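Remember, it's a predicted structure, so these values are computed and weren't measured experimentally. Convention: sequence-line order gives letters A, B, ...; per-chain numbering from 1.
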2 protein chains.
Amino acid sequence: MADQTPSGESLLFLTDEQLRKGIEAMFFAYRGFTADPDRILEGMDYGRAHHRALHFIHRSPGTTVSNLLSVLGVTKQSLNRVLRTLIEDGLVEARVGRRDKRERHLHLTAKGQELERELSDAQRARMRAAYRAAGPQAVAGFRQVLEAMMDPELRRQYQGLKENGA
Amino acid sequence: MADQTPSGESLLFLTDEQLRKGIEAMFFAYRGFTADPDRILEGMDYGRAHHRALHFIHRSPGTTVSNLLSVLGVTKQSLNRVLRTLIEDGLVEARVGRRDKRERHLHLTAKGQELERELSDAQRARMRAAYRAAGPQAVAGFRQVLEAMMDPELRRQYQGLKENGA
DNA sequence: TTGGAAAGTCAACAAGGCTGACGTAACTTC
DNA sequence: GAAGTTACGTCAGCCTTGTTGACTTTCCAA
C-alpha cells in the first residue's frame, strides 16, 4: 500500500489500467448515448447533426447562428447545410434580429418542438434509467468527472447554458 | 419536498433539467475526450478509426478480425480499410491462425506499439487530470453511470475486456 | 463432400466534417 | 460618408468513415 497521498487517499484509481477502463467506458457509453436518437432519425432525412442543432436551439431559443457555431464546434458551411434543411422543412425558424439585422435568431417551430421532444425523450429515458440505477451520489461524480474532462473553453459553454430545475 | 423515494432519497437528480445537463455534459466531455488523439493524428494519414483499432488490438493482442468487428461495431468493409493501411504501414501484423487458418490474429508491431502509446498517453493524461480533479468517489460514480448507460451487449463487451491493475 | 463460417475485396454511395473563395447586407469606426 | 468589419449564406471540392451489395477464396466440421 504505497500509493497514498499525504492526506491518505488511495491513488489506485489513477493507474494506467483504471484510466484505460475509463477510456473504454466513455467509448461504449457514448455509443449507447446516441443509439436511441440515431434509431429514430434513420429513415428520416436527418442525422446526428440535425439532432444536435435541434437540441441546442431548444435549449437556447433565439440563439444566433454564430452562437450555435461556437457551441457545436463546426464550420458554418457544415452547420448551414443542416440548418437549411431544418428551415426548409419547417422545423426551425430564423428571425432577422431586431437590434442587429445581420443576425438570425433561431427558434423551433411547433413541428420542430415535436421532433426535438421525441428525440430528447428517448435520450432522457436512457439517461434516467442510468441515473436511477447508479444513484444520486454516482450521478454527482459522473458530472464532476465529465466536467473536468472538457476543454476549458467548452466547459464555459457548458456552464453558461441556463441552469435550473432545482 | 415531494420528490422522495420510499427510502427517503431525493429524486431531484432525475428532473428533465438535470437529465439535459447530463446529456450536454456527455456531448462536451466527449469532444475533450477525443481532442488530444485527434490533434496527434491530424497530419498523419490516420484518423479516429485507426486510433480505435490500435487501442483494442493493444488491449487484446491476438484478437481476430471478427472479434474486433463486434467490439468496434462497424462493418468489416469499414474496418478492413483501416486495418489494411495499418498493416501496409507496418503498425499491425495479421498472423494466420494456427488452429483455424481462416482467422487473422492481430498484433501491434513495435512501430504500432509506439503510436498507440503516444495516442493513449495523451488520452490518459487528460483522463488522469480529470480523475485527480474529481477524486476517487466521483470516479466510481462516473464509471457506474457510464456502465448503466451502455447497451447490455456492449456492457458485456466492456466487462469482458481483461480487468486488472488493482 | 458439401454447407457454411471467416476473411478479404470491389464498387458505389451517403453523412458530415473540412478548406477556400466569394457575395451581400448591416453595423462600426474613422 | 468612406472604409473596414461582422454575420450570414453559398458554391465547389475534398476527406474520413460509415453504409449496402455482390462475389471469391479458404477451410472447418458435420
Side-chain angles (χ1 to χ4, degrees), chain A residues 27 30-31 34-35 37-57 62-89 92-107, chain B residues 27 30-31 34-35 37-57 62-89 92-107:
Chain A
F27 173 68
Y30 200 79
R31 291 248 297 273
T34 57
D38 282 357
R39 239 187 311 275
I40 293 171
L41 288 166
E42 90 179 0
M44 304 196 205
D45 286 350
Y46 303 130
R48 223 177 265 186
H50 300 83
H51 180 195
R52 291 199 283 262
L54 290 176
H55 176 101
F56 285 108
I57 295 171
T63 188
T64 62
V65 172
S66 57
N67 225 305
L68 196 52
L69 277 177
S70 87
V71 170
L72 295 174
V74 297
T75 60
K76 64 175 177 171
Q77 293 92 329
S78 273
L79 177 57
N80 194 255
R81 178 167 37 198
V82 164
L83 230 37
R84 193 179 353 173
T85 69
L86 290 175
I87 291 170
E88 276 170 7
D89 297 351
V92 167
E93 194 187 349
R95 302 185 195 149
V96 172
R98 289 200 311 133
R99 270 188 43 195
D100 185 335
K101 293 180 196 160
R102 290 170 306 179
E103 294 180 340
R104 301 298 135 99
H105 297 275
L106 303 170
H107 299 264
Chain B
F27 174 67
Y30 200 79
R31 292 247 297 272
T34 56
D38 283 357
R39 240 188 310 276
I40 293 172
L41 289 166
E42 88 179 3
M44 303 196 206
D45 286 350
Y46 303 129
R48 224 176 265 186
H50 300 83
H51 179 194
R52 291 199 282 261
L54 290 175
H55 176 99
F56 285 109
I57 295 171
T63 188
T64 62
V65 171
S66 56
N67 226 305
L68 197 52
L69 276 178
S70 86
V71 171
L72 294 174
V74 297
T75 59
K76 64 175 175 172
Q77 293 90 330
S78 269
L79 178 58
N80 196 255
R81 177 168 37 202
V82 164
L83 231 35
R84 193 181 353 172
T85 69
L86 290 174
I87 291 171
E88 276 170 8
D89 297 352
V92 168
E93 194 186 349
R95 300 187 197 147
V96 172
R98 290 200 310 133
R99 269 189 42 194
D100 184 336
K101 293 180 195 161
R102 291 167 303 178
E103 293 180 346
R104 302 299 133 102
H105 297 274
L106 303 170
H107 299 264

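Ion pairing between B/Glu103 and B/Lys101 fails under the 4.0 Å rule for side-chain N and carboxylate O.
The interatomic distance linking B/Arg99 (CZ) with C/dA5 (C1') rounds to 14 Å, in whole Å. In this structure, A/Asp100 places its CG atom 10 Å from P of C/dA26, rounding to the nearest Å. For the pair A/Leu79 CG and C/dA15 P, the interatomic distance rounds to 17 Å; values are reported in whole Å. As a whole-Å value, the separation of B/Arg98 CZ from C/dA6 C1' is 19 Å. A/Arg81 has its CZ atom 11 Å from the C1' atom of C/dA14, to the nearest Å.
Side chain of A/Ser70 to backbone of A/Asn67: a donor-acceptor contact under 3.5 angstrom is found. With A/Ser78 contributing its side chain and A/Thr75 its backbone, the two residues share no donor-acceptor pair below 3.5 Å.
The 5' end of DNA chain C is approached more closely, in terms of each residue's nearest nucleotide, by B/Thr64 than by the other of B/Thr64 and A/Arg52.
Here the closest heavy-atom approach between residue B/Leu86 and residue B/Ala53 is recorded as CD1-CB, 4.0 Å.
Taking the side chain as every heavy atom from C-beta outward, A/Thr64 and A/Arg104 never approach each other to under 4.5 Å. Taking the side chain as every heavy atom from C-beta outward, B/Leu106 and B/Phe56 never approach each other to under 4.5 Å.
An OP1 or OP2 oxygen of C/dC18 is reached within less than 4.0 angstrom by a side-chain nitrogen or oxygen of A/Thr75. Phosphate proximity of C/dC18 to A/Ser78: present, with a side-chain N or O under 4.0 Å from OP1 or OP2.
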Distances under 3.5 Å between nitrogen or oxygen atoms of protein and nucleotides 8-10 of chain C:
| unit_1 | atom_1 | unit_2 | atom_2 | d |
| --- | --- | --- | --- | --- |
| C/dG8 | N7 | B/Lys76 | NZ | 3.1 |
| C/dG8 | O6 | B/Lys76 | NZ | 2.4 |
| C/dT9 | OP2 | B/Asn80 | OD1 | 3.2 |

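Within the structure, salt bridge (Lys or Arg N to Asp or Glu O under 4.0 Å) contacts touching residues 42-54 of chain B (residues at least two apart or in different chains) are B/Asp38-B/Arg48.
With values rounded to the nearest 0.5 angstrom, A/Lys76 atom NZ is found 14.0 Å from A/Arg81 atom CZ.
Relative ring orientation between A/Tyr46 and A/His50 is described as tilted, the plane-to-plane angle lying within the 30° to 60° band.
Shown for residues 37-49 of chain A: residues whose heavy atoms fall under 4.0 angstrom of DNA chain C, namely A/Gly47, A/Arg48, A/Ala49.
For A/Arg84, there are no salt bridge (Lys or Arg N to Asp or Glu O under 4.0 Å) partners, not counting sequence neighbours. Scanning for ring pair (Phe, Tyr, Trp, His ring centres under 6.0 Å) contacts around A/Tyr30 gives A/Phe33, B/Tyr30, with sequence neighbours left out.
The nucleotide range of DNA chain D contacted by chain A, defined by atoms under 4.0 angstrom from heavy atoms of the protein and reported 5' to 3', is D/dT6 to D/dC11.
Within the 4.0 angstrom heavy-atom criterion, only backbone atoms of the sugar-phosphate kind lie near B/His50; the bases stay farther away.
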